[in-house]
Amino acid sequence: MESNSGNTVLDHWLAKKLNDRKSDNSFRSLTLPSEKSIDFTSNDYLGLSHSTELFQLIHHRLDELSMRFNGATGSRLLSGNSQQLQDVELFLSKIFKSECSLIFNSGYSANLGVLSSLPQRGDTILYDELVHACIKDGARLSLASRFPFGHNDLNDLESKLKKAKGNIFIAVESIYSMDGDRCPLIDLVNLAERYNAFIILDEAHSTGVMGKSGSGLAVSLGVQHKIGARIYTFGKAMGIHGACVAGSSRLIEYLVNFSRPFIYTTALPPHSVASIECAFQYLDQHQHLQDVLQDRVKLFLSLTSGLTNRISSSSAIQTAIFPGNENARNASRTLQQKGFDIRPILSPTVPADKERLRICIHTYNTSDEIRALAESLQSIPV
């Protein structure tokens, strides 16, 4: 039987691309987390994904709702909408202090849906150079012109605002996922107002860990009403899955009509929707978890103050730079051999020479574990 020449050509191309990744030490593969290792890598900052109490609350809520459906059966505009979904969106709007909210299946699809549909041809998107890939992908799908500005550099942003055309959109994150630092949101809002720019704020890594009931950075600063669209992700500190966009009723109506990732995606199943509601109810009753997390972060910072390769932040995300993919891999292996689950972040995910260990602090990391990690980091040559 003759082989398909098109398949052969494609297979050779795939092999070359993969070999290129292997040759520069940037090849990725899936690995299973070790149950015996101490977790310093997951985004489960508050430990909610492991909470037995939350697990029971979710199943109790499903029993209350008498839900007997395993799936949503279709997109929201067809058969996938439900009273449960609309009730939870209203519930989220109260937490996030917005007129409306709209649930998406993930933070990635929410950012993609907003950035690909709002900006139009002739408009301008200005995005922080360190925003997540989903923001860049969404901007790429739009027909607007798009330009990065220096990370948290409002002077660079203003120089680009002066040249921007059409409607102007500024895309930033509350807490950046690689460096863990915070957006200068108050100053950014003031700058955006001077240029009539529309802010798109990704609250992925502030959801749950900041603000009353986990409402994020904008609400904690009282500027939520000055931000055009806020994207909240539930798969990190909230310990579950899904996301939502919070904003005006007109914005939500627009997304229902024009956001392709919303229109053409099967809705979340009832279990996921109940999980969102219960996770925020649980956090509202356990607000002290935010303080516990900050205490753990402060301990780590105090114990690693002498590290010259550390990028410190006040968030749960901490960074130790080990330039070069192989150096970052070796540092990770050393820590893994000592029982710490810490993964390397390699280029091209981060720029060359900025390869690193991304260290996430959690409420369930004990003081002894944090001390042991700090001592181990200090013993690794840079």
Side-chain angles (χ1 to χ4, degrees), residues 14-47 49-50 130 132-133 175-181 204-205 235-237 239 293 296-382:
L14 295 174
K16 180 183 182 304
K17 297 296 287 185
L18 291 170
N19 285 331
D20 289 344
R21 276 286 166 92
K22 291 175 181 177
S23 66
D24 63 10
N25 289 315
S26 62
F27 183 76
R28 300 181 178 101
S29 59
L30 296 174
T31 59
L32 292 173
S34 172
E35 294 182 0
K36 297 180 180 179
S37 297
I38 302 168
D39 178 17
F40 281 103
T41 197
S42 79
N43 294 320
D44 187 24
Y45 308 124
L46 301 177
S49 76
H50 296 90
L130 295 189
H132 192 270
I175 296 174
Y176 286 87
S177 60
M178 288 295 115
D179 287 1
D181 55 344
H205 292 278
K236 296 176 173 52
L293 179 62
R296 299 289 190 271
V297 171
K298 289 175 183 177
L299 175 61
F300 179 82
L301 292 174
S302 68
L303 294 171
T304 58
S305 59
L307 287 178
T308 58
N309 63 329
R310 188 191 73 175
I311 298 177
S312 64
S313 77
S314 60
S315 77
I317 302 168
Q318 302 295 320
T319 299
I321 301 293
F322 291 89
N325 282 347
E326 193 57 31
N327 289 333
R329 286 185 193 275
N330 288 337
S332 174
R333 289 192 196 101
T334 298
L335 293 175
Q336 288 172 6
Q337 289 167 0
K338 295 184 178 183
F340 303 107
D341 187 2
I342 293 179
R343 311 296 175 88
I345 307 296
L346 311 175
S347 61
T349 300
V350 292
D353 294 326
K354 294 292 185 180
E355 295 85 1
R356 66 195 58 199
L357 299 181
R358 181 178 183 269
I359 300 165
C360 291
I361 310 298
H362 311 93
T363 55
Y364 49 84
N365 292 137
T366 67
S367 297
D368 287 343
E369 290 170 349
I370 293 172
R371 287 191 182 93
L373 173 60
E375 291 175 3
S376 297
L377 280 169
Q378 290 167 351
S379 68
I380 301 175
V382 180

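Count residues from 1 along the sequence.
- A donor-acceptor pair is defined here as one N or O able to donate and one able to accept, closer than 3.5 Å; no such pair exists between the side chain of E355 and the backbone of L346.
- The two residues A331 and L357 come nearest to each other via the heavy atoms CB-CD1, 4.0 Å.
- The side-chain heavy atoms of L335 and I380, taken from C-beta on, include a pair separated by under 4.5 Å.
- A distance-only check finds no donor-acceptor pair linking the side chain of N43 to the backbone of H205 [under 3.5 Å].
- Within the 4.5 Å cutoff, side-chain heavy atoms of Y45 are placed close to those of I317.
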Exercise answer: donor-acceptor pairs, residues 365-373 side-chain atoms, under 3.5 Å, sequence neighbours excluded:
{"residue": "N365", "atom": "OD1", "partner": "H362", "partner atom": "N", "Å": "2.9"}
{"residue": "N365", "atom": "OD1", "partner": "H362", "partner atom": "ND1", "Å": "2.9"}
{"residue": "N365", "atom": "ND2", "partner": "D39", "partner atom": "O", "Å": "3.0"}
{"residue": "T366", "atom": "OG1", "partner": "E369", "partner atom": "N", "Å": "3.1"}
{"residue": "E369", "atom": "OE1", "partner": "T366", "partner atom": "N", "Å": "3.0"}

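- Smallest separation of non-hydrogen atoms from T304 and A374: CG2-CB, 3.7 Å.
- Evaluation of the salt bridge (charged side-chain N to carboxylate O under 4.0 Å, His left out) rule for R356 yields D179 as partners, not counting sequence neighbours.
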Under the side chain to side chain contact (heavy atoms under 4.5 Å, CB included) criterion, do Q318 and V297 qualify, and how do the steps go? CA-CA 9 Å; Q318 302 295 320; V297 171; 3.9 Å; yes
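- Between K338 and S379 the shortest side-chain heavy-atom distance falls below 4.5 Å.
- Contact of the D181 side chain with the L130 side chain is not registered, since no non-hydrogen atoms from C-beta on lie closer than 4.5 Å.
- Between N330 and R333 the shortest side-chain heavy-atom distance falls below 4.5 Å.
- The two residues S305 and S302 have their closest heavy-atom pair at OG-O, 3.5 Å.
- Closest non-hydrogen pair, R358 versus I342, comes out as O-CG2, 4.1 Å.
- No side-chain heavy atom of I321 sits under 4.5 Å from any side-chain heavy atom of D353.
- T319 places a side-chain N or O within donor-acceptor distance of the main-chain N or O of M178, the cut-off being under 3.5 Å.
- Within the 4.5 Å cutoff, side-chain heavy atoms of R310 are placed close to those of L301.
- In this structure, the side chains of D44 and Y364 come closer than 4.5 Å at one or more pairs of heavy atoms.
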Is there a side chain to side chain contact (heavy atoms under 4.5 Å, CB included) between I359 and F300 once you walk through the steps? CA-CA 10 Å; I359 300 165; F300 179 82; 4.2 Å; yes
